[in-house]
Novice: 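Before I ask anything, here is the structure I am working with.
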Amino acid sequence: MHKHPHIPSVFLLAVVAASVAAGSQMTAQQPGPRLAALNHRVVVQDSGVYSDAQAEEGTAVYKKTCAECHELEEFTNGDFKGKWGGRPLFDLFEQIRTTMPDGDPGTLPREEYGAVVSYILKLNGLPSGPARLSTDSAALAAITLKLPAAAP
Ligand code: HEC
């Protein structure tokens with residue numbers, strides 16, 4: 001490669017330009033180490049990923065199935081944001097689907113898991129949109145969960 005020094009230089013320049021482009025794009029979205037780590041994925045969808053009706057259904061699921069063990073505050077506090085923020089929404093969905101309700105995991109219809117996740121998004125102040133949150137694994141994996149920073 002050192003026999004053709006100008007070729008790698010051009011290549012390097014292209015890489016630098018691409019990094020700068022990616023960097024400024026991320027700054028426009030939301031700066032932060034977690035997003036930086038997800039740089040290669042750069043599918044950042046942060047609003048309107050669930051519908052109001054779906055969050056309403058999720059409220060009912062929560063009351064029926066989750067409230068006996070959980071306080072709502074557990075899904076919006078600093079620990080929660082720190083653990084799930086910046087990660088694919090699929091991670092949260094799958095964690096809930098495969099472990100909850102505790103002692104009886106996976107027993108809800110997939111749509112109910114999607115509804116309760118929508119409710120959690122709403123609790124965190126994320127805006128709803130016209131379409132329902134898909135419960136398809138790949139679709140969920142393409143959404144990065146952007147939670148506003150926790151209060152200090
Ligand atoms: C029978 C009690 C029980 C029920 C019902 C239950 N959970 Fe849990 N849940 C737990 C326990 C116990 C943990 C583990 C707590 C821990 O170790 O952090 C947990 C953990 C979680 C976590 C992980 C929290 C985190 O950040 O690590 C989520 C999310 C969660 N539950 C959501 C739900 C949802 C949504 C429902 C209703 C569909 C539900 N749970 C129903 C007992 C329950």
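For the single chain, residues carry numbers from 1 onward in sequence order. Counting convention: from 1, in listed order, for ligands and their atoms alike. The structure presented is a predicted model; accordingly, all values stated were derived computationally and were not measured.
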Novice: Closer than 4.0 angstrom: is that true for some heavy atom of Phe75 and an atom of ligand 1?
Specialist: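 For ligand 1, residue contact (heavy atoms, under 4.0 Å) with Phe75 is present.
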
Novice: Is it the side chain, the backbone, both or neither of Tyr113 that has a heavy atom closer than 4.0 Å to ligand 1?
Specialist: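 No part of Tyr113 comes within reach of ligand 1.
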
Novice: Please check if a non-hydrogen protein atom sits closer than 4.0 Å to atom 23 (C) of ligand 1.
Specialist: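 It does not: no protein heavy atom is found less than 4.0 Å away from atom 23 (C) of ligand 1.
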
Novice: For atom 43 (C) of ligand 1, state whether the nearest protein heavy atom is under 4.0 Å away.
Specialist: yes

Novice: Is there a side-chain contact between Lys63 and Thr59 in this structure, where contact means two heavy atoms from C-beta onward sitting under 4.5 Å apart?
Specialist: yes

Novice: Return yes when atom NZ of Lys64 has more than 12 non-hydrogen atoms of other residues, nucleotides or ligands closer than 6.0 Å, and no otherwise.
Specialist: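 Yes, because the 6.0 Å sphere around NZ of Lys64 holds more than 12 heavy atoms from other groups.
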
Novice: Do you know the tightest heavy-atom contact between Pro101 and Thr107?
Specialist: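 Closest heavy-atom pair between Pro101 and Thr107: CD-OG1, 3.9 Å.
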
Novice: Counting each atom of ligand 1 from 1 as listed, which ones have a heavy atom of Trp84 under 4.0 Å away?
Specialist: 25 (C), 26 (O)

Novice: Identify the protein heavy atom lying closest to atom 5 (C) of ligand 1, giving its residue, its atom name and the separation to 0.1 Å.
Specialist: Thr65 O, 3.1 Å

Novice: Does the protein place a non-hydrogen atom closer than 4.0 angstrom to atom 36 (C) of ligand 1?
Specialist: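 When distances to the protein are checked, atom 36 (C) of ligand 1 has a heavy atom within 4.0 Å.
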
Novice: Give, for atom CG of Asp102 and atom NE2 of His70, the distance between the pair rounded to the nearest 0.5 Å.
Specialist: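 Going from the CG atom of Asp102 to the NE2 atom of His70 covers 7.0 Å.
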
Novice: Determine, counting only non-hydrogen atoms of the protein, whether one lies under 4.0 angstrom from atom 32 (C) of ligand 1.
Specialist: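 Given the 4.0 Å cut-off, atom 32 (C) of ligand 1 counts as touching protein heavy atoms.
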
Novice: Just wondering, do Tyr50 and Val117 contact through their side chains at under 4.5 Å, heavy atoms?
Specialist: no

Novice: Enumerate the protein N/O/S atoms at a distance below 2.8 Å from atom 8 (Fe) of ligand 1, ignoring waters.
Specialist: His70 NE2, Met100 SD

Novice: Taking the side chain as C-beta and beyond, is there a heavy-atom pair between Leu121 and Leu89 under 4.5 Å?
Specialist: yes

Novice: Quick one: CZ on Phe90 to CZ on Arg97, what's the gap to the nearest 0.5 Å?
Specialist: 7.0 Å

Novice: Is there a side-chain contact between Asn124 and Lys81, using heavy atoms and a 4.5 Å cut-off?
Specialist: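 Side-chain contact under 4.5 Å: yes.
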
Novice: For residues 123-145, pull every pair meeting salt bridge (Lys or Arg N to Asp or Glu O under 4.0 Å), keeping only residues two or more places apart or in separate chains.
Specialist: Glu57-Arg132, Glu111-Arg132

Novice: Decide yes or no for Asp52 and Lys122: does some side-chain heavy atom of the first lie under 4.5 Å from some side-chain heavy atom of the second?
Specialist: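 Side-chain contact under 4.5 Å: yes.
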
Novice: Determine whether Ile96 and Ile120 make a side-chain contact, defined as any pair of heavy atoms from C-beta on separated by less than 4.5 Å.
Specialist: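 A side-chain contact under 4.5 Å exists here.
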
Novice: Starting from atom 27 (O) of ligand 1, which protein heavy atom do you reach first, and at what distance in Å?
Specialist: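 The protein heavy atom lying closest is Lys83 NZ, 2.6 Å.
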
Novice: Is there at least one protein heavy-atom neighbour under 4.0 Å from atom 18 (O) of ligand 1?
Specialist: no

